[in-house]
Amino acid sequence: MTQPVPGFAQSRYPNKKIGNMEYQFRSIEKKWQKHWQDNHAYRVSNISDKPKCYVLDMFPYPSGAGLHVGHPLGYIASDIYSRFKRLKGFNVLHPMGYDAFGLPAEQYAIEHGVHPAVSTKQNIDNFRKQLDNIGFCYDWEREVRTCEPNYYKWTQWIFLQLFNSFYNRTLQKAQPISELIAAFETAGNAAYPMPDSSFHTASFSAAEWAGFDETTKQAILMEYRLAYCGEGEVNWCEALGTVLANDEVVNGVSERGGHPVVKKKLRQWYLRITEYADRLQNDLQKLEWSDAMKEMQTNWIGKSSGAEIDFVVSTSPQPLSKGEGQKEPGYFTSTPDKWKALIDYAKANRKNPTAAESALWAVLRNRQLNGWKFRRQHPVAGYISDFVCLDAKLIVEVDGGYHSEAEQQSFDALRTEWLNEHGYTMLRFSNEEVLEQIDTVKSRIEEVLGTPSPLEREKEGEVVLRVYTTRPDTIFGVDFMVVAPEHEVVAKITTAEQKTAVEQYLDYVNSRSERERMAEKKITGCFTGAYAINPFSGRAIPIWISEYVLAGYGTGAIMAVPCGDERDHKFAQHFNIPITNIIGDAYNGQEANPTKDAVLENSDFLNGMVMRKAIDVVIDKLEALGIGTRKTNYRMRDAAFSRQRYWGEPFPIVWVGNTAYALPESELPLLLPEVDSYSPGPEGQGPLANIPEWTDRQLETNTMPGYAGSSWYFLRYMDPGNDAAFASRQATDYWNQVDVYIGGTEHAVGHLLYSRMWTKALYDLGHLSFDEPFKKLVNQGMIQGSSRFVYRKRGTNVFVSAGLKDQYETDALHADVNFVDGYELDIEAFKKWRNGEYANAEFILEDGKYLCGAEVEKMSKSKFNTVNPDMLVDKYGADTFRMYEMFLGPIEQSKPWDTKGIEGVHRFLKKFWRLFFDEQKGSVWNNDAPTDVEYKSLHKAIKKIEEDTERFSFNTAVSAFMICVNELSDLKCNKRAILEPLCILMTPYAPHIAEELWHALGNAGSVLDAAFPVFEPKYLVESSKEYPVSINGKVRTSLSFALDADQATVEAGVLANEVVQKWLEGKPPKKIIYVKGKMINVVI
RNA sequence: GCCCUGGUGGUGGAAUUGGUAGACACGCAGGACUUAAAAUCCUGUUCGCCGAAAAGCGAGUGCGGGUUCAAGUCCCGCCUGGGGCACCA
């Protein structure tokens, strides 16, 4: 721990007049910073009998622009909290490091040829210098940098953990993939449904698994891995030869240069975070995060429950309903007018399946037979078949089922004709066969089915449109369907007449980014010419495409219910689609009503039912009919985990043909190789694709994204030097969760979700004893810049003062805030700016001054509104700077920076100093016994500051300091018994001045390790209170009563008061409200 | 567009649970000390009305409604600033 400074054992300032005793903040701060560093005052041990406390700042990216005053806000807050906890007797871990991989360094490398490692190191050195200036208590021996091999070795190691794991849905946890393989070998994948059910080999037996070749096996395993490789769309800019971030694409062209950007499919790695969706959502309740933050994560995960419903597609609205003999398209399984009648038959029957039917269904359902989809009691050509696989044109009948004479006869002719024409096969089994020899039956069916290829399945058979809806209760209010423009079904269903219109629309959509599409207010869309058949009413519903439906969410298709959904309603109005009202008076014809509590009308079997209840009724019915399933959906998608960049962690993956294999752990770290050029490889691949030695080894050429390193850095701080593990179990057990995590809301979903997922995965795999990384989260607001503008007359070098700018045609230009005083421009400084670019500028002044315009914007170098903390620390000292940042306002609130108020905080510190020292007389503190008033002032401060610091209300704590120092100054109190505890109280906020004065009082050890003063309530006890007395809620006077005064005493006192009497005008009051300790209100 | 969040004097903000709106600062005005300046100290400072002053009256927490003895705080509807929306980190 901290050693005493030589010569400081006794008071450095004896009680005698010494020359200049003013507050020399800079020399004091430098002295103590050096002392603390030399004595390792901030070194933290992993072994301690004190309770632990882990206080963490969000990982900074060391940008080349350096720190501006916005950055340290959270760091100061966490620093104060850490120091406070240390005084309260905790072993506090408070580390700092750098998220050092990232795009800006790579961009800088491309433009200037400087290796990212070099520029990153420079930036870090600069960052560090600036941080040190402010006097933070980080244990720098624990610093980590994500770009260093001894760090990213473990990033790669964790990646391999994820790659070599799958999510066991039954146990709801990650497990080694070896266990999955073992399960496949013994029982196939029946117990482990594939996360992506549309994968071509969705189910297989143990025997089938054994028969698969290595490539197939690996392809199947890839479908399960928590880190997996697939294909994804990126913003590809041919002209720049690179992949662009969403925010680098504006209006379909690149932000830099305005080149066209198109979607391109590339190999991408993903994290299967969707498997964790439920746990990520449920475990939020364990966390002390703001409700807003939990809400944001919940919305991002976007869990919703509803149903997937299959609609049969038709390309003409009313086939066969008018002209007899009209030819049915090949994918028709029924016709709208007959459908309803058939459904009615089916309904009754499906509820009461025979034992044989149930047994067979158990074998056929859920695409169990090589992925073939079966339906039961499904209408085919005006006839209800027991089971049908439409894709394979196979009908399976079980004798003893429902076949009335009348029905047989009425549909027989049509059925025979249709079946012949369309090449259907029919298999018939007896009840006994099914019940007693189910395996034989199964293999017969399999024989006929063969192995389907996706091509075959699409070649003929029906087209089914599957939609996802959270409101199946509104099924009778569906007036149109909307399909995502990129949905694969679009090409299949678009009619010849609509082909041109659809293609034009697709061109339009392709030029737009996902964000633009979601933000679009104007309504766009295009009719495909096809119709979906409502399975209950048989109604033909037009199918549209529109950009507001995204392919990635749900099934990429929705059923639109205009009377209940605002967006659907606007769409219907815009395209003149008639609106069906299913909720009677609850729909006013003008705007949609999304209620769930209306009573349904126009809804067949749902009529009279409350919507909320109808949801389940409809889903049950859909499931019974085999045309829909209950479905939980998540808005969250798997996290894209690869970048086509150089400056990131290489993947420890080798490719053998099309199969990815993990490098053995012994080959970690896989070092990032040197490159000559940072420009992208061929076909949008990363720069690593340009290195022959790399590609010769068949190594993965993508690199990991920025969030790879930052998803686990909080673990590394616990044991940063460990080269046998990412951190020892002993260290992670001891430090456990981060107790307080401070950072901005901009990380609300990305970083905070990924870190939670990684922690959970490591926990599942037995590497950690906790499954949530950050127990408490404090969100700091953003410090904005207050920009200043000058107005240049267009095409000239003449600048017009803000008040006169409307008289001219002008362009607003950012002026550097550092040479604007308030709004007045320092013209001479401006002329020298930017190498004299404006040296010859002329100015049109108002009242002899040039006034600037102002606007609040993000603080950024490009807007010339940054303020450098170094400058302020230099002028006022680190302690003043720290306290001023806290004094600005609540930590979680965003506010524009204004340097002006800093003087007030500086004056306060000087005033504090003067309680100890007089400029002329030297030391003035004494050992006199304090009075009760002085104790009261101190203990009021102890109470307030302790409470406020604990709840992160630093601005009010600073003001409590000011109040206390003002009171002590007024009392002329220079008593050591008061000042010494005040010094300790001040330590977290202004450590340098506190340490200096602590030693000045003759203390030997460091104030950093002093004990936080104990609040004693006895000094604050009052016997009476001055009550505000209101008449009808308006304060008119005040009266003093004993604190334990009862209602009668108070009423008597109040009524005797002349102000009250004046307002009463002789009448008795209606009521007198007396809230003990608060107020009195007289109601007249 | 969707999600989150904020709006209180000239300025930053305070009011922790519905109970004296404007604490603490900045700025401004006036004064003391000084040859002067800096520093420091004192007084005033929500707005309007009345008044020499004291006192008093009215309005007032983005806008419009509502609940309550009492609303910055709770409810409904609007306006508006900021953050996020999956490759910035």
Side-chain angles (χ1 to χ4, degrees), chain A residues 22 58-61 63 99 101-104 107 232 234-235 243-249 268 290-293 295-296 298-300 302 514-522 548 552 567 635-640 642-645 705-707 710 744-751 753 779 781-782 784 822 856-858 884 887-890 892-905 907-908 910-911 914 919 947-948 951 953 955-956 958-963 966 969 1026-1030 1032-1036 1038 1069-1073 1075 1077-1084:
Chain A
E22 60 183 319
M58 279 188 188
F59 217 20
Y61 176 79
S63 94
D99 187 9
F101 277 130
L103 219 46
Q107 195 57 38
V234 296
N235 300 312
V243 173
L244 297 175
N246 275 342
D247 62 346
E248 293 176 303
V249 184
Q268 296 288 343
S290 69
D291 289 343
M293 189 62 55
E295 221 170 311
M296 273 192 261
T298 301
N299 290 337
W300 180 266
E514 195 169 302
R515 191 166 324 164
E516 283 171 329
R517 283 173 55 180
M518 287 187 293
E520 189 51 79
K521 274 185 175 175
K522 110 181 160 233
Y548 79 86
R567 214 159 28 164
R635 200 181 70 94
M636 183 165 66
R637 312 199 283 259
D638 279 341
S642 50
R643 304 291 183 259
Q644 291 69 49
R645 302 285 179 186
Y707 67 83
S710 63
T745 50
E746 67 271 23
H747 298 287
V749 282
H751 163 62
L753 269 177
N779 290 115
M782 181 180 276
Q784 296 147 323
V856 172
E857 301 178 291
K858 207 167 185 165
Y884 181 57
F887 189 58
L888 273 178
E892 70 275 11
Q893 208 165 293
S894 292
K895 54 238 153 190
W897 176 264
D898 182 5
T899 302
K900 270 190 176 165
I902 200 169
E903 294 274 359
V905 175
R907 267 175 225 157
F908 152 74
K910 284 200 278 193
K911 201 166 177 178
R914 283 199 305 272
E919 205 175 303
E947 284 172 4
D948 285 357
R951 70 186 173 101
S953 179
N955 57 327
T956 53
V958 174
S959 98
F961 276 118
M962 290 173 168
I963 291 168
N966 285 347
S969 298
E1026 185 84 1
Y1027 280 93
V1029 179
S1030 306
N1032 285 342
K1034 275 199 169 44
V1035 180
R1036 296 299 177 184
S1038 63
K1070 276 191 190 143
K1071 202 198 277 183
I1072 295 179
I1073 288 155
V1075 182
K1078 294 279 189 191
M1079 43 64 70
I1080 297 162
N1081 190 17
V1082 182
V1083 186
I1084 298 177

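Chain letters run A, B, ... following the sequence lines, proteins first, then strands; residues in each count from 1. FYI, side chains are in, hydrogens and waters are out, and symmetry mates aren't considered; it's all heavy atoms of this structure.
- Rounded to whole Å, atom P of B/C85 lies 18 Å from atom CD of A/Glu295.
- Atom NE2 of A/His751 and atom P of B/C85 are 14 Å apart (whole Å).
- A/Lys895 places a side-chain N or O within 3.5 Å of a backbone atom of A/Pro890 that can act as its donor or acceptor partner.
- Of the candidates B/A86, B/U16, B/G19, the closest approach to any side-chain atom of A/Lys1078 belongs to B/G19.
- The side chain of A/Arg635 places no N or O atom within less than 4.0 Å of a non-bridging phosphate oxygen (OP1 or OP2) of B/C3.
- For A/Gln268 and B/A86, the CD to C1' distance is 12 Å, given to the nearest whole Å.
- In this model, the phosphate group of B/C87 is approached by a side-chain N or O of A/Arg643 to a distance below 4.0 Å at OP1 or OP2.
- Between B/G58 and B/C50, the two P atoms lie 16 Å apart (nearest whole Å).
- Every stem involving RNA chain B, taken as at least 3 paired positions in a row under the Watson-Crick or G-U wobble test at 3.5 Å, is listed here: B:1-7 with B:79-85, B:10-12 with B:24-26, B:27-32 with B:40-45, B:46-49 with B:56-59, B:62-66 with B:74-78.
- Checked against B/C26, B/C87, B/A89, the side chain of A/Asp99 finds its nearest nucleotide in B/A89.
- A/Gln893 CD to A/Met782 CE: the interatomic distance, rounded to the nearest 0.5 Å, is 14.0 Å.
- Checking B/C69, B/U40, B/G12 against every side-chain atom of A/Val1083, the shortest atom distance belongs to B/C69.
- When heavy atoms are screened at a 4.0 angstrom cut-off, A/Ser953 is found touching no nucleic acid atom at all.
- B/C47 and B/A86 have their P atoms separated by 48 Å, with the value rounded to a whole Å.
- B/G62 and B/U68: their P atoms are spaced 23 Å apart (whole Å).
- The nearest whole Å value for the distance from the CG atom in A/Leu753 to the P atom in B/C3 is 18 Å.
- Annotation: B/C33 and B/A38 have their P atoms spaced 16 Å apart (nearest Å).
- Of the side-chain N and O atoms in A/Arg907, one or more sit less than 4.0 angstrom from OP1 or OP2 of B/C26.
- A/Arg645 contributes a side-chain N or O that, together with a main-chain N or O of A/Val243, makes up a donor-acceptor pair within less than 3.5 Å.
- Separation of atoms CZ (A/Phe59) and OH (A/Tyr707) is listed at 16.0 Å; rounding is to 0.5 Å.
- Note on ring orientation: taking the six-membered ring where Trp is involved, the planes of A/Tyr884 and A/Trp897 are perpendicular (angle over 60°, cut-offs 30° and 60°).
- Nearest-nucleotide positions on RNA chain B for A/Lys1071 and A/Ser1030 put A/Ser1030 closer to the 5' end.
- Using modelled atom types, one side-chain atom of A/Tyr1027 and one backbone atom of A/Gly1077 make a donor-acceptor pair closer than 3.5 Å.
- How far CE of A/Met58 is from CG of A/Asn779: 6.5 Å, rounded to the nearest 0.5 Å.
- Residues A/Ser959 and A/Asp948 both approach RNA chain B. Their nearest nucleotides, taken by heavy-atom distance, put A/Asp948 toward the 5′ side.
- The listed nucleotides are B/A25, B/G19, B/A14; the one nearest the side chain of A/Phe887 is B/A25.
- Applying the salt bridge (Lys or Arg N to Asp or Glu O under 4.0 Å) rule to A/Asp948 yields the partners A/Lys944, A/Arg951; only residues at least two apart in sequence or on another chain are considered.
- Shown here, B/G81 is classed anti by the O4'-C1'-N9-C4 or O4'-C1'-N1-C2 angle, which is more than 90° from 0.
- Atom-to-atom, NZ of A/Lys911 to C1' of B/C24 comes out at 11 Å; the value is rounded to the nearest Å.
- Using a 4.0 Å heavy-atom criterion, one finds that A/Val243 contacts the bases of the nucleic acid, with or without backbone contacts as well.
- Among the nucleotides B/A25, B/A89, B/A86, the one closest to the side chain of A/Asn966 is B/A25.
- Taking atom C1' on both B/U46 and B/G27, the two are 15 Å apart, rounded to the nearest angstrom.
- Comparing B/G9 with B/G18, their C1' atoms sit 24 Å apart, to the nearest whole Å.
- One N or O donor and one acceptor, one from the side chain of A/Gln644 and one from the base of B/C87, sit under 3.5 Å apart.
- Listed nucleotides: B/A89, B/A59, B/C24. Nearest to the side chain of A/Tyr61: B/A89.
- Under the side-chain contact (heavy atoms from CB on, under 4.5 Å) criterion, A/Ile1073 pairs with A/Lys1071, A/Val1075, A/Asn1081, A/Val1083, not counting sequence neighbours.
- A/Glu1026 is linked by a salt bridge (Lys or Arg N to Asp or Glu O under 4.0 Å) to nothing, counting only residues two or more places apart in sequence or in another chain.
- As judged by a 4.0 angstrom heavy-atom cut-off over every strand, A/Val958 is placed among residues making no nucleic acid contact.
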Checklist entry - What string of B, S and - do you get for nucleotides 70-84 of chain B, 5' to 3', if B is base contact, S is sugar-phosphate-only contact and - is no contact with any protein heavy atom under 4.0 Å? => result S-----------SSS

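- Remark: the separation of the C1' atoms in B/U11 and B/A59 is 22 Å, to the nearest Å.
- Nucleic acid contact class of A/Lys1034 (heavy atoms, under 4.0 Å, all strands): sugar-phosphate only.
- Within the 4.0 angstrom heavy-atom criterion, base atoms lie near A/Met636.
- Residue A/Arg637 has its side chain nearest to B/A86 when only B/C41, B/G27, B/A86 are considered.
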Checklist entry - For A/Asn299 and A/Arg635, what are the C-alpha separation, side-chain angles and deciding distance, and is it a side-chain contact (heavy atoms from CB on, under 4.5 Å)? => result CA-CA 8 Å; A/Asn299 290 337; A/Arg635 200 181 70 94; 5.8 Å; no

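- A/Arg914 comes within contact range of the sugar-phosphate backbone alone, with a heavy-atom separation under 4.0 Å but no base atom that close.
- Comparing B/C4 with B/U8, their C1' atoms sit 22 Å apart, to the nearest whole Å.
- One atom, CZ of A/Phe908, and another, P of B/C26, lie 12 Å apart when rounded to the nearest Å.
- In this structure, the CD atom of A/Gln893 is 8 Å from the P atom of B/G6, given to the nearest Å.
- Closest approach to the A/Ile1073 side chain among B/A25, B/C87, B/C69 is made by B/C69 (side chain taken as heavy atoms from C-beta onward).
- Residues satisfying the side-chain contact (heavy atoms from CB on, under 4.5 Å) test with A/Pro896, not counting sequence neighbours, are A/Gln784, A/Val856.
- Set against B/G13, B/A86, B/C3, the side chain of A/Asn955 has B/G13 as its closest nucleotide.
- Contacts of A/Pro890 with the nucleic acid, taken as non-hydrogen atoms under 4.0 Å apart, involve only primed sugar atoms and P, OP1 or OP2.
- Which of B/C4, B/A14, B/U16 sits closest to the side chain of A/Ala292 comes down to B/C4.
- One can place CD of A/Glu892 at 14 Å from C1' of B/A14, the figure rounded to the nearest angstrom.
- Closest approach of A/Pro705 and A/Ser642 over heavy atoms only: CD-N, 4.3 Å.
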